[in-house]
Trainee: 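Here you go, one structure.
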Amino acid sequence: MKTMAVCLLCALSTNQSIQANEVLALIPMPAKMTTCIGEFTFPENLKAYVDHYRGDSIQLVFNQFQEDLNHATGIKTKSVRTGKKADIILELNTSLATEAYKLNIDQKQIHIEAARPVGFFYALQTLKQLMPRNVMAGVKDTQTDNWSIPAIEIEDEPRFGWRGFMLDEGRHIYGKDQVKRVIDIMATYKMNRFHWHLTEDQGWRIEIKKYPKLTEVGGWRNSKVLGWGNTQPDGQWYGGFYTQKDIQEIVEYAKERFIEIIPEIDIPGHSQAAVASYPEFLACDPENKHEVWLWQGVSTDVINVANPKAVQFAKDIIDELIDLFPFEYIHLGGDECPTSKWEQNKACQEQLKAIGSNNYRDLQIHFYKQLKDYITAKPAEEQRKLIFWNEVLHGNTQPLGTDITIMAWVGADAAAKDAAQRGMNTILSPQIPYYINRKQASGPNEPMSQGSGTETVKAVYQYKPMYQVPTDLQDKYMGVQANFWTEWVTDGSVVEYLMLPRLAAVAEAGWTPEEKRDYDNFKKRIQKDQLLYELKGWNYGKHIMNE
Ligand code: ACM
């Protein structure tokens, strides 16, 4: 009743609400939010009522919050048995959608409702953003002595279920700690899919027990810098990979932050490192020399899809991926796969004839079809859905059925629409402007990367996902994703510099209703996160921070 009364006041004070909304540095902007009169002041000992849930998982989510709150403010938390005397209540409400939450704050109490632990996690991320940035950072705040937050009513849920970020570690590898930092950045902005691009022409980064040479040979190359134009390979021995134990650790870390990992094994193209490891059955021309690539670009040294041992190789890898990644999706790549070597190879020529096609792209589809059938025959708990880059649409996709997902990058809007019209799900990751490894500004001080600086924060923010898509296709659009390719990026701190703050812009496109998005308002809010970045030691682009 108390909340109702306060909110009646809110309804009468629209101007104040709008004004207040502008200064609350919430990213992504919630779907519905009304600021109310008054504020809640945290007591020194916060009494918390937390609803029960399988595996104590709401409590675990609250514990993470509690730890950060305590580190920043010194406030302690005490559990109470009922909501009546609590300062903060986390209450199950199974009528809400999976990622949705309600957060009501009045002078007396903070009241959170959600149907699942993830909803509570997001509510608590929002609550942290209502506080000084030290709370999100979990770092002691010596400036603040009165821990008050505005009375507010938020009803929030994401526009899209897929809010992703892809990191290419095939070209350069950054290590476990850097990957965890990336996951932390994603979690700050309620992103929920980490697409981990683990294999490339220039390096294989995941231990596969059945094929040890993939990392013994394929994980290493004779140059740190990748050749391009006048830039020559530098002759430095470079590489590395993630052991299966490392992967398990990162999977746990991501799960605690409600982020699913999508491992990508990019086959049969972008596979020169694999071909160099096992040329005897992966190469179209095993008699020639094959090495992990030292150059940027698209290698023609692709897997011989007509060799049954190559198909078995891919199936064996899928088995290990299923064991390692307890999530819904596996990405099999499929982009930029030259067919020139298949065209010269007798077995490939014969297979193309046997499948009744004269389009070499269909050999790639036939390869995937065998892998998809292999997964489909597995028990329920081992089922995984497959994602492909949009070039797969250049073949006859009929054998693959419609229960695959197309990640649209080149000509993204048209490709996504094509996928949706074929009945497939799709994810928007438009090269321009969502490849956030590209330069975010021009000028001599920018680190070497692709592009000329036109993918600014503003350009990224202003891309409109699912723009003018007919209503009957919209349910095929799963969401948005920023991608980060690392041809030029040798150092994790540059990954952060290019990611931030642009990833936050993509996160907001994935979460906030289009009509509530506004760049000038976003800019004001993101400026407050500069302190968070400083406290966390995250590198970031400062271009719009003082505009
Ligand atoms: C891609 O950018 N090659 C997916």
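Numbering starts at 1 and runs along the sequence shown. Read the numbers this way: they start at 1 and go in the same order the structure lists the ligands and their atoms.
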Trainee: Hey, do the aromatic rings of Y278 and Y211 have their centres closer than 6.0 Å?
Mentor: yes
Trainee: Does W389 reach ligand 1 with a nitrogen or oxygen that is under 3.5 Å from one of the ligand's nitrogen or oxygen atoms?
Mentor: no
Trainee: Pick one of side chain, backbone, both or neither for how Q431 approaches ligand 1, counting any non-hydrogen atom pair under 4.0 Å.
Mentor: neither
Trainee: Answer yes or no for K224 and Y238: cation-pi contact, defined as NZ/CZ to six-membered ring centre under 6.0 Å and angle to ring axis within 45°.
Mentor: no
Trainee: Measuring centre to centre across the rings, with the benzene-like ring taken for any Trp, is W389 within less than 6.0 Å of H197?
Mentor: no
Trainee: Provide the number and element of each atom of ligand 1 under 4.0 Å from a heavy atom of E336.
Mentor: 3 (N)
Trainee: Taking 4.0 angstrom as the limit, do R525 and E508 come out as a salt bridge?
Mentor: yes
Trainee: Below the 3.5 angstrom mark, is there an N/O of Y435, backbone or side chain, next to an N/O of ligand 1?
Mentor: yes
Trainee: Closest non-hydrogen protein atom to atom 3 (N) of ligand 1, residue and atom name please, with distance?
Mentor: D335 OD2, 2.7 Å
Trainee: Is NZ or CZ of R517 both nearer than 6.0 Å to the six-membered ring centre of Y461 and within 45° of the ring axis?
Mentor: yes
